[in-house]
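To keep things clear, I will list the structure first and then write my remarks on it.
If you read the sequence from its start, that first residue is 1, and numbering goes on from there.
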Amino acid sequence: MKAPKKIHLNRAAKTLQVTFADAEYSLPAEYLRVFSPSAEVRGHGPGEGVLVSGKMHVGIEHAEASGRYAVRLVFDDGHDTGIYTWDYLRELGENFTGNWNDYLERLRRAGQGRDPDESAVKFIG
């Protein structure tokens, strides 16, 4: 488990830039939020995870070191319990396209969406 050389939080772009010695990844906040390693998202055992929807506009308020092996991300929707190990960040970066496409397909099958406003009818008067 090699630590990244640099982690840069770009609040305006809503991305976390993770630079390893041999690779660099720009991970969107929404992606990191819906793939949070927290028990709230993944569950406590196999098959217990939940499908997180409606996070299209989520941002990261701040990132803080968690020992020498991980970073804890605090999202602007209040989620703050995921500890992203260096290995998990690398895995998320390496598998972004496949993970993201699988996530979009799971949303479609569940009749859910990325936009928090698309599941409810809003009356403006």
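Annotation: side chain of Y84 is not in contact with side chain of L16 (no heavy-atom distance under 4.5 Å). Residues R114 and L107 meet the side-chain proximity criterion, which asks for heavy atoms closer than 4.5 Å. Looking at V58 and D76, their side chains come closer than 4.5 Å, going by heavy atoms from C-beta outward.
Taken to the nearest 0.5 Å, the CZ atom of F35 stands 7.5 Å off from the CG atom of L92. Considering OG1 of T15 and CG of L9, their distance stands at 7.5 Å, rounded to 0.5 Å.
A salt bridge links R72 to E64: one of the charged nitrogens lies within less than 4.0 Å of a carboxylate oxygen. Using a 4.0 Å cut-off between a side-chain N of Lys or Arg and a carboxylate O of Asp or Glu, R33 and E30 do not qualify as a salt bridge.
Of all the heavy atoms in H79 and S36, the pair that sits closest is NE2-OG, 2.9 Å. The two residues V34 and Y103 come nearest to each other via the heavy atoms CG1-OH, 3.3 Å.
Checked against the 6.0 Å centroid criterion, the rings of F96 and Y25 do not qualify as a close aromatic pair.
In this structure, the side chain of R11 does not engage the main chain of G59 through any donor-acceptor pair within 3.5 Å. With Y88 contributing its side chain and I83 its backbone, the two residues share no donor-acceptor pair below 3.5 Å.
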